[in-house]
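The block underneath contains the structure these notes are about, expressed in structure tokens.
Just so you know, ligand 1 is whichever comes first in the structure, and atom 1 is the first atom listed for that ligand.
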Amino acid sequence: MKKTIELIVPCYNEENCIQAFYDGVKEVFKKLYKYDFIITFIDDGSKDNTLNIIKEVANTATKGKVQYIALSRNFGKESAIYAGLSKSTGDFVALIDVDLQHPPELLIKMLNAVENEGYDRATARRISRTGEPMIRSLFSRAFYHIINHVTVIDLVPGSTDYCLMKRNVVEAILSVTERERFTKGIYAWVGYKNKWIEYENVERSAGKTKWSFMGLVRYAYSGFIAFATTPLRGVVYLGIIITIMAFIYAVDIWMSMVRNPYALRTGYASIMIVMLFLGGVIITILGMIGEYLARIYMEVKSRPIYFERETNINNTNAVVENVKKIDDEENNTKQE
Ligand code: UDP
Ligand code: MG
């Protein structure tokens, strides 16, 4: 029996990309004719015509099986991917963007890595960032540098979430059910043997990116908080250092009093400086603790990661079942 490769494709306002994406994938699977493929589009609450176009592509697909899940609102790419993964059935599952910035041809190399070279998954990595603003690359590099130093996970600069993985890796990722999903961190955290597949940055086929600069900063920040508890430990160290400093200062004042009782240092300035300094430190620390508390609050509520509004996944299975039943009946009547 042919093995199946399932592509999980999150889409948010991508009406102009869907058809081109399907055609691109179809081309690649001409070379991968030994495999069946399923494309699962996840419509992440698009406000344009994305869902209708997905349905059209699903109905007119000449190769492979095209299925879709429409979420009840825009939950974000990470949740959309989770939705896709939790419904996936393929022997190999790939996560890929619909805008053709993740070249489908790489699937061939990726598949080779997991099928023949003994890897559990293969992940694409951009070696150039052409077409990207300078400042974005700069911040991105700084982010990787910091997160690798302060967390247990090891993120590789330029790594994307375009990957192909075996079933066991999918199960591992699904078992991580946190709501604040920093996917890159989760992939790195679950481990398994990964092969990096390098490629040159590609520009979007149509439409525009959903990421604003501030959006990226927020993403990096939440990734950091999700995987690093180092700041909390840092707070404790800072507290200890400030206490020791205060103690040394107290001893210093006491000694100068002993030496010269009239030289009492009642300086208004020094008191203000220390007060303001400590006030600032305390507020910062409270804010930091608040950030973690907010995460705990959201996780404890344990709301579902996504809601599904519409899908054809069960339908297509039902169709297949119906066909089978009819076949069986025909066989039965023949036997009779
Ligand atoms: N995406 C999504 N939900 C969102 C934002 C983005 O499903 O809320 C999808 C989007 O349709 C695309 C992929 O995530 O397939 C990557 O988005 P984009 O191309 O905007 O990001 P970039 O490539 O610029 O990092
Ligand atoms: Mg893109």
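Regarding atom 14 (O) of ligand 1, its nearest protein heavy-atom neighbour is K77 CD, 3.2 Å. What sits closest to atom 21 (O) of ligand 1 on the protein, heavy atoms only, is W211 CD1, 3.0 Å.
Across the listed options N74, D97, D43, D97 owns the non-hydrogen atom lying nearest to atom 16 (C) of ligand 1. Residue D44 holds the heavy atom nearest to atom 4 (C) of ligand 1 of all those in L95, D44, V9, I96.
Taking the centre and axis of the six-membered ring of Y119, the NZ or CZ atom of K193 falls inside the cone set by 45° and 6.0 Å. No cation-pi contact links R141 to Y144, judged by a cut-off of 6.0 Å to the six-membered ring centre and 45° from its axis.
When ring centroids are compared, Y187 and Y192 stay outside the 6.0 Å threshold. Checked against the 6.0 Å centroid threshold, F37 and F29 count as a close aromatic pair.
Across every non-hydrogen atom of C11 and I54, the tightest pair is SG-CD1, 4.4 Å. Considering all non-hydrogen atoms of both residues, K2 and D36 come closest at CD-OD1, 3.4 Å. Contact detail for L85 and M165: the closest heavy-atom pair is CD2-CE, 3.9 Å. Closest non-hydrogen pair, P10 versus A80, comes out as CB-CB, 3.9 Å.
The atoms of ligand 1 that sit less than 4.0 Å from any heavy atom of G76 are 3 (N), 8 (O).
An N or O contact shorter than 3.5 Å links P10 to ligand 1 by distance.
By the criterion of a separation under 2.8 Å, the protein N/O/S atoms near the Mg ion (ligand 2) amount to D99 OD2, Q101 OE1.
Contacts of D99 with ligand 1, taken as heavy-atom pairs under 4.0 Å, involve the side chain alone. With a heavy-atom cut-off of 4.0 Å, E14 touches ligand 1 through its side chain alone.
A donor and an acceptor atom, one from each side chain of Y306 and S86, are located under 3.5 Å apart.
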Salt bridge (Lys or Arg N to Asp or Glu O under 4.0 Å), that's the test. Do K77 and D161 meet it? Break it down for me.
CA-CA 11 Å; K77 183 180 177 183; D161 42 19; 3.2 Å; yes
